Amino acid sequence: MLVEISKVGKQEASVVSSLDIAETFGKEHFHVLRDIRELECSVEFRQSNFGLSYYVNEQNKNQPMYYVTRDGFTILAMGYTGEKAMRFKEAYIKQFNAMERALQGKLVEREKGIAVRNSLTKALQQSTENDRMHGHAYSTYTNCIYKVLFGMNANQLREHFKISKKDSIRDCFSAEELSMVQSMERMISGLVDCGWGYEQIKTFISENNVKKIA
């Protein structure tokens, strides 16, 4: 059994795949797909709790599957009876609870990160740095932070993580890495407020960053 984080509808949620449900409950996958499609739920509930996706089978062909939220799983699994099925349902619910706590923590940290970035952006806008860098001060300082911590700029990190420009690099960082980035952003905000310039700040954080991330 595996509960994970995925996007269903317009939001991230803790989900389980229909493939995993089929394997866990000892059912054929096409039977689980049938059960999902035959649920007499509203269109709104279906769209919010059953995300249609695809997987590649052994014949290298795309086949349909669903990512199912906790609420969707609860409705679907009502029809799965027996002592063994009940144990599986209890185990799934425990995993959903744990994953939702982790997701909530992730959302809180994301909000903190946005506040830190906004603070740095505001500090740069109120200084002469943004004008001097023709509106590119934030990206320049961010690249400096990445180079100091990871030895790579933003473009190189995207290549490293194999993500596009539409994807967020920060979603690829561990909790420790993200904390290091945010700590350095807070420090730079303070230095900019004190009137320090880019070269001075770059030298300072390069020489004083004792914990580089490999």
Side-chain angles (χ1 to χ4, degrees), residues 1-118 158 161-179 181-182:
M1 294 181 289
L2 177 62
V3 176
E4 56 187 310
I5 301 295
S6 185
K7 197 168 185 179
V8 178
K10 297 181 179 180
Q11 296 183 341
E12 282 189 332
S14 52
V15 299
V16 65
S17 75
S18 55
L19 287 167
D20 196 43
I21 292 173
E23 181 179 356
T24 300
F25 286 92
K27 294 179 174 290
E28 295 291 342
H29 186 236
F30 70 88
H31 284 154
V32 175
L33 294 180
R34 178 203 61 197
D35 294 342
I36 292 173
R37 289 166 180 159
E38 292 182 355
L39 288 174
E40 296 180 351
C41 56
S42 68
V43 173
E44 181 181 2
F45 184 89
R46 183 178 298 278
Q47 291 176 343
S48 299
N49 295 284
F50 297 94
L52 179 62
S53 187
Y54 295 89
Y55 72 99
V56 179
N57 66 10
E58 295 179 352
Q59 289 73 42
N60 204 34
K61 293 182 179 180
N62 284 338
Q63 297 294 322
M65 59 171 278
Y66 284 94
Y67 284 114
V68 184
T69 69
R70 174 179 177 156
D71 288 347
F73 172 79
T74 301
I75 294 295
L76 175 65
M78 280 181 180
Y80 300 162
T81 59
E83 182 181 349
K84 185 177 180 181
M86 183 58 69
R87 290 202 305 271
F88 286 147
K89 284 189 275 189
E90 290 176 358
Y92 266 119
I93 288 171
K94 287 181 180 178
Q95 284 198 49
F96 272 117
N97 287 338
M99 190 60 70
E100 285 171 2
R101 286 193 295 269
L103 179 59
Q104 185 61 37
K106 180 181 177 183
L107 292 175
V108 170
E109 288 303 315
R110 183 177 294 175
E111 290 298 319
K112 289 181 181 178
I114 292 172
V116 171
R117 293 198 296 276
N118 287 342
R158 291 185 188 283
F161 291 121
K162 295 180 174 57
I163 59 174
S164 70
K165 289 186 176 181
K166 294 181 180 179
D167 298 313
S168 171
I169 296 175
R170 295 178 189 233
D171 287 343
C172 300
F173 293 156
S174 67
E176 180 187 10
E177 291 167 343
L178 194 56
S179 177
V181 171
Q182 292 171 0

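This chain uses plain numbering: 1 for the first residue, then up along the sequence. All of these numbers come straight from a predicted model, not from anything done at the bench.
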Residues Leu39 and Arg46: closest non-hydrogen pair is O-NH2, 2.8 Å
Step by step, would you call Phe45 with Ile75 a side-chain contact (heavy atoms from CB on, under 4.5 Å)?
CA-CA 10 Å; Phe45 184 89; Ile75 294 295; 3.7 Å; yes
Between atom OG of Ser53 and atom OH of Tyr66, what is the distance when rounded to the nearest 0.5 Å?
11.0 Å
Quick one: CG on Leu178 to CG on Asp171, what's the gap to the nearest 0.5 Å?
9.0 Å
OH of Tyr67 to CG of Leu19, rounded to nearest 0.5 Å, is 8.5 Å
Geometric class of the His29/Tyr55 ring pair [parallel <30°, tilted 30-60°, perpendicular >60°]
perpendicular
For Ile163, is there any backbone N or O sitting under 3.5 Å from a side-chain donor or acceptor partner on Arg158?
no
Are more than 12 heavy atoms, taken from residues, nucleotides or ligands other than Gln63, located less than 6.0 Å from that residue's CD atom?
yes
Could you pull out all residues at least two apart from Arg170 that satisfy salt bridge (charged side-chain N to carboxylate O under 4.0 Å, His left out)?
Glu185
Can you classify the ring geometry of Phe25 versus Tyr80 as parallel (below 30°), tilted (30 to 60°) or perpendicular (above 60°)?
tilted
If I take atom CD1 from residue Ile21 and atom NE2 from residue His31, how far apart are they, to the nearest 0.5 angstrom?
15.0 Å
Can you measure from CG (Asn57) to CE (Met65) and round to the nearest 0.5 angstrom?
13.0 Å
Please list all pairs meeting salt bridge (charged side-chain N to carboxylate O under 4.0 Å, His left out) that have one or both residues in residues 60-72, counting only residues at least two apart or in different chains.
Arg70-Glu100
Side-chain contact test, heavy atoms from C-beta onward, threshold under 4.5 Å: evaluate it for Val56 versus Asn62 and give yes or no.
yes
Closest heavy-atom pair, Leu52 versus Pro64, reported as atoms and distance to 0.1 Å, is CD1-CB, 4.2 Å
Which heavy atom in Ser48 sits nearest to a heavy atom in Thr69, and how many Å separate them?
O-CG2, 3.7 Å
Distance (rounded to the nearest 0.5 Å) between Glu38 CD and Leu76 CG:
11.5 Å
